[in-house]
Amino acid sequence: MAQRSEHAGRRKTDIKGPLVISVVLAVVAFVVVSTVAAGGTDNAARVGLGLIAAGIAFIASVVVCATLMLLEKPNAEELGQGTGVNRSSARIFAESQARREAERVRTEATDGAAEGKTSGEPEFGQRVRPDTTGEEPGSSAR
């Protein structure tokens, strides 16, 4: 929509195109509203209503063009590389996954070596007193 040119390291936005589009839309709105409000070409044109419609059309089209020009602005290169939360979380996830895997391998290795020696302590998931069967269904500990 708007042409951009490099000027001393900064981009300069050309606003002639959006202004021309806005003026053309304002002229069209003026002609249409002036003619329609008068009831056709046989009666005198309603210039006041035409000017109001032209002003509204001009302002609205300038706002829309300016918004589109802001949206068209390209992002910096470093923003497209997944900076911030996205890149950090992926790296942190990979590191924690590798750490968990190393911990699992180390635990399996020590569990295999410790099979011969039992400390008498129950491991996770084992009952402290194996002779008990647990609570009866329907009973509560209240």
Side-chain angles (χ1 to χ4, degrees), residues 1-115 118-142:
M1 178 183 293
Q3 300 294 326
R4 292 178 180 260
S5 60
E6 292 291 329
H7 180 67
R10 294 186 307 184
R11 289 190 169 184
K12 182 180 175 188
T13 304
D14 187 7
I15 60 170
K16 288 181 185 177
L19 284 179
V20 169
I21 292 171
S22 299
V23 168
V24 168
L25 288 175
V27 169
V28 169
F30 173 78
V31 170
V32 168
V33 170
S34 295
T35 305
V36 171
T41 56
D42 294 337
N43 301 327
R46 301 280 309 261
V47 178
L49 287 176
L51 288 174
I52 291 171
I56 291 172
F58 179 78
I59 291 171
S61 60
V62 165
V63 168
V64 168
C65 288
T67 303
L68 291 175
M69 288 169 56
L70 284 174
L71 292 176
E72 186 267 335
K73 179 183 164 190
N75 289 334
E77 277 299 318
E78 64 269 5
L79 293 178
Q81 297 174 356
T83 60
V85 174
N86 295 330
R87 185 166 62 182
S88 296
S89 63
R91 182 177 44 87
I92 290 170
F93 177 73
E95 289 173 355
S96 67
Q97 189 175 13
R99 190 171 39 250
R100 283 192 307 261
E101 181 66 23
E103 180 69 25
R104 185 185 60 80
V105 168
R106 187 178 42 185
T107 304
E108 287 177 357
T110 57
D111 285 349
E115 290 280 331
T118 57
S119 62
E121 293 285 327
E123 292 186 20
F124 181 75
Q126 291 182 338
R127 292 189 179 275
V128 177
R129 293 181 23 203
D131 57 333
T132 60
T133 59
E135 294 181 12
E136 294 295 323
S139 68
S140 64
R142 293 183 204 182

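Everything numeric here is computed off the predicted structure, so don't read it as measured data. Hydrogens, waters and symmetry mates play no part in the numbers below; they use all other heavy atoms, side chains included.
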(request) Run the salt-bridge test on Glu108 and Arg104 with the 4.0 Å N-O cut-off and return the result as yes or no. (result) yes
(message) Testing the basics here: between Ala54 and Phe30, what is the closest heavy-atom pair and its distance to 0.1 Å?
(response) CB-CB, 3.8 Å
(message) Whether the side chain of Thr35 engages the backbone of Val32 through a donor-acceptor N/O pair (distance < 3.5 Å, no angle test) should be reported.
(response) no
(message) So which atom in Val62 and which in Leu19 form the shortest heavy-atom distance, rounded to 0.1 Å?
(response) CG2-CD2, 4.3 Å
(message) Give me the atom names and distance for the closest heavy-atom approach of Ala29 to Ala53.
(response) CB-O, 3.9 Å
(message) Looking at every heavy atom in both Ser34 and Val47, which two are closest together, and how far apart are they?
(response) OG-CA, 4.3 Å
(message) Measuring only between side-chain heavy atoms, which start at C-beta, is Phe58 closer than 4.5 Å to Leu25?
(response) no
(message) If the condition is salt bridge (charged side-chain N to carboxylate O under 4.0 Å, His left out), which residues does Arg100 pass it with, not counting sequence neighbours?
(response) none
(message) Whether the side chain of Thr110 engages the backbone of Thr107 through a donor-acceptor N/O pair (distance < 3.5 Å, no angle test) should be reported.
(response) yes
(message) Using 0.5 Å steps for rounding, measure from the OG atom of Ser61 to the CD1 atom of Ile21.
(response) 8.5 Å
(message) On a heavy-atom basis, which atom in Ala57 and which in Ala26 lie closest, and how many Å separate them?
(response) CB-CA, 4.2 Å
